Amino acid sequence: MFSRMAPRGRSGLGRSLAELGLLLLAILVLLDGTVLSLEAATSSEIDTHEGKPGTHKNTSKKSFPVLGIKYDDVSVPFEISLWVLLASLMKLGFHLIPRLSNVVPESCLLISVGLLVGGILKLARDEVPPVLSDRIFFLCLLPPIILDAGYFLPIRPFVENIGTILMFAVVGTLWNAFFVGGLIYAVCQIAQDKYSEIDLSNIGILPCLLFGSIISAVDPVAVLAVFEEIHINELLHILVFGESLLNDAVTVVLYHLFEEFMESGSVSAVDALLGLVSFLIVALGGVLVGAFYGILAAFTSRFTSHTRVIEPLFVFLYSYMAYLSAEVFHLSGIMSLIACGAVMRPYVEANISHKSHTTIKYFLKMWSSVSETLIFIFLGVATVEGEHHWNWVFLTSTVVLCLVARVIGVVGLTFIINKFRIVKLTTKDQFIIAYGGLRGAIAFSLGFILHSEHKRIFLTAIITVIFFTVFVQGMTIKPLVELLAVKKKHEAKRSINEEIHTRFLDHLLTGIEDICGHYGHHHWKNKLNRFNKKYVKKILIAGDRSKEPQLIAFYHKLEMKNAIQMVESGGGSKLNSTFPSTVSMQNIQPKIHSPPSARPSERALPQLTKGREEEIRQILRTNLQKTRQRLQSYNRHTLVVDPDEEGFDDLILKKRRMMELDWKLKQMTNYLTVPRPQGSPTMSRARMASGRNTDFIPAQQKKGNKQSSDSQAYVKPGAENVPTIKIDLASPQSPDSVRLLDEVVQDQGLTMSLPSSSSRAYKTSGKDDGRDQQKLLRCLSDPGPDVDDDEDYDDDEPVPT
Amino acid sequence: MGSSRSSLRGVPDGQQLLQETGCEPERSGRLGWFCLGLRSEDLEAELSENPIGDRIVGAFFQPGQETVDFPSFVRVLAHFRPTEKNWTRDGVQPEPANSRNRKLKFAFQLYDQDRDGKISRTELLQVLREMLGLQVTEEQLQSIAERAIQEADLDRDDAICFDEFRKSLEKVDIDHKMSVRFLE
């Protein structure tokens, strides 16, 4: 365009420049005017608002305010966004320094940042920095973390260990609370620090017990933050984590109980009994509320097939409503949230689209990550703010008592629990469980909303314990895990074999239990599954997916993952430059006729009978169906196919479509491989990889093909040795690809000896050749940068934060 | 299932059986009452709803036998005792029935009906057909079987031998899964 303007001459250019300059000048003048008149404008605006038409003429003519500052209106969202931004930037920063994030857990770093920021704010503004109000914490920051935990809770290990978890959560927390509360009271009575201004003996038994109940609860946020980085085995993880989730009910009940007692001033036996009843109501009520909302969400998701966009919204809203409803009735909101997520998940996942599933997963991870960061930062800030009452006796005894209580509790409980467990907990396990009892922000918030006169000293003690557990225990748990050689988490995903065999074993064990007459674990699980299949699934899952057995669903999921992987890795391919030129028919046709030496194979082409061709086509098609799972897509046609389809039937359909496209491509590439293209780099790469002469013999040549004419999907493996090639997503020059080629060579299934020795390499059966073709074509494509980045597609593993 | 207390005296080779299987006489006695001369129909009645019921029943019976006597019954059930963690392989004693290896072997034999040491594709298809029934198409079954074999078959003989079976299950906690608590 500029070339067209140039001939207009310098005058034109000069004119436009001048115009630009004038415009700029005008703007500057206006700005100046506005800045100067800003004060006048604002004041006169007020004047004009008060006095109406009469004064309007009297005011000086103000210029239109181009630039103004209006901070108060946006101050609240602005500050919130600023905090969240700060938190996220901090998180970013930590992961850029790899050594730091290996040694120090994230929670410690975040608390330190909070301390720093709080300190700066305090010095700069000399006023109280924004504090972690309990309402913000309980209503906004905590639910995402818990929902994330509940939705992705691994149900099978959780339910298998539910007895142990409940023992630790209920009995363990009770023990902790009473032990710490009681002994701290004793310490207060005995100790007297002459230099402290606080009179410890003033603190009654009830406040002490209240304090004990606040501080005894293991915190899910802190546990999650630390345990995610150490990757211990599933059993320990679910034990500590499950305990931290379920002890919320106990904490809520104890807290309210002791608060009530403090108000009323006296305790009676009836009250204790009522407390017990209240505990049952709180726990079970929370679970029921959660389950109710979960079923509602599942039912709603049944009808969302036409409005896929808002599917994630339903999941989030129903869960949040479950939490809030439970909080209304003083039930355990955390348990309600967990129950809602766990109940809802299998049905919702069967109903919603793949995209919605991804959305839910990533939103949950994002929110929970941000919440966690904010919580820790605020913890640091809140430490700086507020006066602290230091009393060394109280603080040290609190910390010591907490540790001791935890150790005794865990050891004692394990002794009892091991009598009922099949897989016993070893000493190492017990140590990790005891050491993993971290306290966190929930304890702080509960302490914050205390109405006691000793609130300050309690808060200080709570903060001390939190800091101790998070910093000392959090930092040392990773080296200890390594030192004690605790079993780590298995990294890989479930294979279809595991799934099949696990189901088989389930049936087997159910059968054995039926024989023994022993109504055990498997018996009840079987009954639940049957009930689920018969009634519940029909109601909650849309369409005919309700009849789909779980194994099939799992298999489809695996296939889908593979399909997506295939398309994605093919997407990074750089073949576009070379391939289309070779694929296009125009280029191919001349090549066939151009090579000087007419190879016997070319002449064989037109002589192929129709029937034979049909056979071979069938064979190749069936093989495509088999190897589809592993091959990369190597042309742009398959990339166009949208992998994120909505239904599983579509997957089958698209598979067929892809197969047909591939068949067409294969036909074209048959011609491609006959001559030897000279300059193409990809072909030379393939040549190097194969280590042999790349003289392919097209499929059509195999007249002596002894393949059975069975056009059914499966070729019986009995007679022929059907080679199964596992082509993994490796680069062309990798040893894998060469090895596979060797295996193809060694297979003696359907050999046909050909005159040239070099062509012996590329075998004879139509099947093999089909695979070879694909192998070569795979060589042509670049596998792409992140071939094995399939963490994203595993549902059960948390996305690393 | 009727059961009453009976002592081990009525059972031939009681002591040897105890040593071999590790089952306590009291527990095994409880089962022994109805086990003497149990026929396959009796067992089948219990397992009518179980998809692999007839395989389980078949596992109790030695090939060719019509009834199962108490020792064989206990021997089979002994596989399902919870594993002891402190058992070490010292080569002198025979491997106890409830070790992980023996448990897996038992499960493997349930798949491998023709006892040739491998789970062929047809056998796997049969198992899948039994477990999934009429809910899936033949094509789906075959793709699953195909994928399963492709994943597990390392020596490319198109069948799963015991080692491959064991390898594919190395991540599953067999000790926990194949244990019935009551048999301690």
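Only a predicted model underlies this, so the values are computations on that prediction, with no experimental measurement involved. Letters A, B, ... are given to chains in the order of the sequence lines, protein chains preceding strands, and every chain is numbered from 1.
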TODO: Tell me, please, which residues at least two apart from A:T427 pass side chain to side chain contact (heavy atoms under 4.5 Å, CB included).
DONE: none

- [ ] Pick one of side chain, backbone, both or neither for B:L141, based on which atoms fall under 4.5 Å of a heavy atom in chain A.
- [x] neither

TODO: Select, from B:V127, B:T122, B:L110, the one with the greatest count of heavy-atom pairs under 4.5 Å involving chain A.
DONE: B:L110

TODO: Identify, with sequence neighbours excluded, every residue that meets ring pair (Phe, Tyr, Trp, His ring centres under 6.0 Å) alongside B:Y111.
DONE: A:H501, A:F504, B:F165

Task: Among the listed options B:I144, B:L128, B:L124, the residue most often paired with chain A at heavy-atom distances under 4.5 Å - done: B:I144

TODO: Give, as side chain, backbone, both or neither, the part of A:L509 having an atom under 4.5 angstrom from any heavy atom of chain B.
DONE: side chain

Task: NZ/NE/NH1/NH2 to OD/OE distance under 4.0 Å, B:R129 and B:E138 - done: yes

- [ ] Look at atom CD of B:Q109 and say whether more than 12 heavy atoms of other residues, nucleotides or ligands are closer to it than 6.0 Å.
- [x] yes

